[in-house]
Amino acid sequence: MAQDASQRWNRTEGVVIAPGTAPQEVAERLDSERVVARLEWYPSTPHLLSITLLADAEARVAVTPPSRGGVVPGMGVSELAESLARAFGASVTIGPASFNALPADTELPGLARHGTPTARTVIVSPISAYMVPLQATLLERPLAVATVPEIDRRIVLHSGEGLSLGMFGWDEESLPALVLTVDEGDMTVRAVTTGESEDDAVFSWGMTSQYVWGGVAEPGPALSAVVDGLLTDVTDASAITAAVPGADAEAVAKALATPGAAGLTAMIKALGLPGWVDSVLSGALAPVEVPGVVVHEPRGLANAVTRSVGLMVSDPGTPGQAIRQAYVETVTEKPWTVRAALVLEGGIGGALLGAALRRRGGINKGVAAVGAMVLVDAVLQASLASVVRHRELRRRADEETRLVETELVSD
């Protein structure tokens with residue numbers, strides 16, 4: 001009985017680094033070897049090719065047979081990697097196989113690690129407002145934030161080089177998140193659902209994709225079925241739609257099928273985002289110029305804590321507001337209880353740290369780390385309690401002043 005193609009073949013991915021070589025040359029080489037594959041590259045880095053092909057359990061590459069349709073096992077993955085590397089003076093990695101034939105003096109163009117000066121990013125997330133000042137400090141970059149009640153989301157914007165929101169992980173309150181980015185001609189949308197990168201739904205309008213049909217001019221039904229089933233990327237439009245309440249699922253799918261900048265614009269409309277999002281991503285409008293945005297600068301941890309506490313206390317919609325209000329009452333009405341607890345915590349941390357340092361035979365790094373963490377937490381909690389208490393006392397004083405003024409006016 002013939003084995004089903006989806007069971008026989010495994011999708012295998014790799015990369016070809018071939019300076020001075022055009023993607024079409026690599027495609028022609030694969031065609032001459034009858035290899036069925038898919039090549040992808042960005043216009044700014046045509047020397048860096050992503051290659052996706054099929055291999056069987058014996059690591060043999062899928063090729064087109066000379067006299068019938070479909071695919072059959074051909075050369076080994078290792079043989080193909082070496083063949084491509086030698087043909088183009090390249091470094092080739094395909095699955096577990098790799099071969100480096102780059103000249104010793106080859107200098108590869110550098111790649112931007114965390115965006116470029118022209119990069120623009122828009123994040124749509126249920127993130128709490130009080131988290132943004134802390135994120136700005138953590139990422140060491142200004143963040144502009146706008147609240148969009150119509151979709152029950154906040155939109156965080158930034159531009160230029162630097163780290164992006166989510167670089168150090170996502171908390172549950174900030175998910176699902178949708179990230180729209182324009183950078184060096186590339187345009188991408190990414191739906192973050194669980195915080196695990198492998199679960200993200202990602203699509204790029206800027207990447208060029210080309211199928212290599214193994215020298216076949218007109219692919220038949222069998223070959224087309226294998227390629228459609230195993231080499232084609234299907235971006236989960238439903239995940240992108242689910243990230244933004246009220247998004248039009250059908251329009252999202254159409255936007256993914258629309259090439260270039262028109263596709264990005266269509267996606268913004270399909271998601272029901274404000275029109276200024278398109279202006280920010282196109283570069284026509286700077287994040288700080290968006291009407292109604294609040295800009296948080298990275299001004300140090302103490303300043304970030306102060307701003308975050310103010311937003312947290314004043315926002316009645318903040319999750320866990322009842323617990324936080326109880327905390328405010330405690331640090332304001334009974335500050336000695338907080339101080340006593342922090343003195344105890346600091347004493348424990350100091351004792352652990354001291355014991356680790358006095359240990360004979362060397363420092364116990366585990367105990368020292370725990371002691372240091374306890375001490376740092378005590379210091380941060382003391383700072384937080386002080387900020388909360390002073391803000392609450394000032395708020396009460398302002399409220400009493402307004403009441404007195406009202407009574408005087410009424411008299």
Side-chain angles (χ1 to χ4, degrees), residues 42-44 110-168 170 174 177-192 202-206 240 243-244 247 255 258 260-300 303-304 306-308 310-311 315:
Y42 290 107
S44 59
L111 297 176
R113 294 185 59 190
H114 300 302
T116 68
T118 59
R120 299 174 294 279
T121 300
V122 171
I123 302 108
V124 183
S125 165
I127 186 173
S128 299
Y130 71 86
M131 288 295 296
V132 182
L134 293 173
Q135 287 289 341
T137 298
L138 179 64
L139 300 175
E140 297 182 341
R141 71 180 311 154
L143 295 178
V145 59
T147 300
V148 187
E150 296 82 4
I151 59 174
D152 191 28
R153 288 292 187 270
R154 286 187 172 85
I155 299 180
V156 181
L157 313 99
H158 60 73
S159 60
E161 297 177 285
L163 302 174
S164 183
L165 199 66
M167 189 66 68
F168 298 110
W170 298 87
S174 300
L178 191 88
V179 183
L180 295 161
T181 304
V182 175
D183 189 8
E184 288 285 322
D186 186 28
M187 296 161 283
T188 61
V189 58
R190 176 164 58 98
V192 184
V202 184
F203 181 82
S204 169
W205 285 277
I240 295 175
V244 181
T258 303
L264 178 60
T265 299
M267 177 62 72
I268 293 169
K269 292 180 180 178
L271 295 173
L273 301 179
W276 50 257
V277 170
D278 197 13
S279 298
V280 170
L281 291 173
S282 68
L285 188 68
V288 297
E289 296 173 343
V290 174
V293 298
V294 177
V295 180
H296 296 282
E297 299 281 350
R299 296 173 180 167
N303 185 282
T306 301
R307 285 178 290 157
S308 294
L311 291 169
D315 183 5

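Every value quoted in this text rests on a predicted model; they were computed, and no experiment measured them.
- Looking at V290, I268, V148 one by one, the single match for side chain to side chain contact (heavy atoms under 4.5 Å, CB included) with P274 turns out to be V148.
- Between R120 and L281, the shortest heavy-atom distance links the atoms NE-O, 2.6 Å.
- Annotation for A144 and P287: closest pair CB-O, 3.9 Å, computed over non-hydrogen atoms.
- Taking OG1 from T118 and CD from E161, the interatomic distance works out to 9.0 Å, rounded to the nearest 0.5 Å.
- The heavy-atom pair separating L165 from L139 by the smallest distance is N-CD1, 3.6 Å.
- The backbone N or O of T137 lies less than 3.5 Å from no partner atom in the side chain of E140, so there is not a single donor-acceptor pair.
- By the 4.5 Å heavy-atom criterion applied to side chains, I123 and H158 are counted as neighbours.
- Heavy atoms only, all atoms of each residue included: W205 and V189 are closest at CH2-CG1, 3.7 Å.
- Scanning all heavy atoms of the two residues, the minimum distance from P142 to P298 falls at N-CD, 3.8 Å.
- By the 4.5 Å heavy-atom criterion applied to side chains, L143 and L157 are not counted as neighbours.
- Using a distance-only test at 3.5 Å, with no hydrogens or angles considered, no donor-acceptor pair links the side chain of S174 to the main chain of W170.
- At distances below 3.5 Å, not a single donor-acceptor pair connects side-chain atoms of R190 with backbone N or O atoms of I240.
- Within the model, atoms OG of S159 and CG of D183 stand 11.0 Å from one another, a figure rounded to the nearest 0.5 Å.
- A side-chain donor-acceptor contact under 3.5 Å links S282 to the backbone of S279.
- Looking at V122, D278, L180 one by one, the single match for side chain to side chain contact (heavy atoms under 4.5 Å, CB included) with L273 turns out to be L180.
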Next item on the list: Take I127 and V156, measure what side chain to side chain contact (heavy atoms under 4.5 Å, CB included) needs, and give me the verdict at the end.
Entry: CA-CA 9 Å; I127 186 173; V156 181; 4.2 Å; yes
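- Rounding to the nearest 0.5 Å gives a distance of 7.0 Å between OG of S125 and CZ of R153.
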Next item on the list: Decide yes or no on side chain to side chain contact (heavy atoms under 4.5 Å, CB included) for L178 and V192, but give the supporting numbers first.
Entry: CA-CA 6 Å; L178 191 88; V192 184; over 6 Å; no
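- L163 approaches R141 most closely through the heavy-atom pair O-NH1, 2.8 Å.
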Item checked: Derivation of the side chain to side chain contact (heavy atoms under 4.5 Å, CB included) call for T181 and V179 -> CA-CA 6 Å; T181 304; V179 183; 3.7 Å; yes
Next item on the list: For side chain to side chain contact (heavy atoms under 4.5 Å, CB included), just list the numbers for I155 and W276, CA-CA rounded to whole Å, side-chain angles, deciding distance to a tenth of an Å, and then say yes or no.
Entry: CA-CA 11 Å; I155 299 180; W276 50 257; 3.8 Å; yes
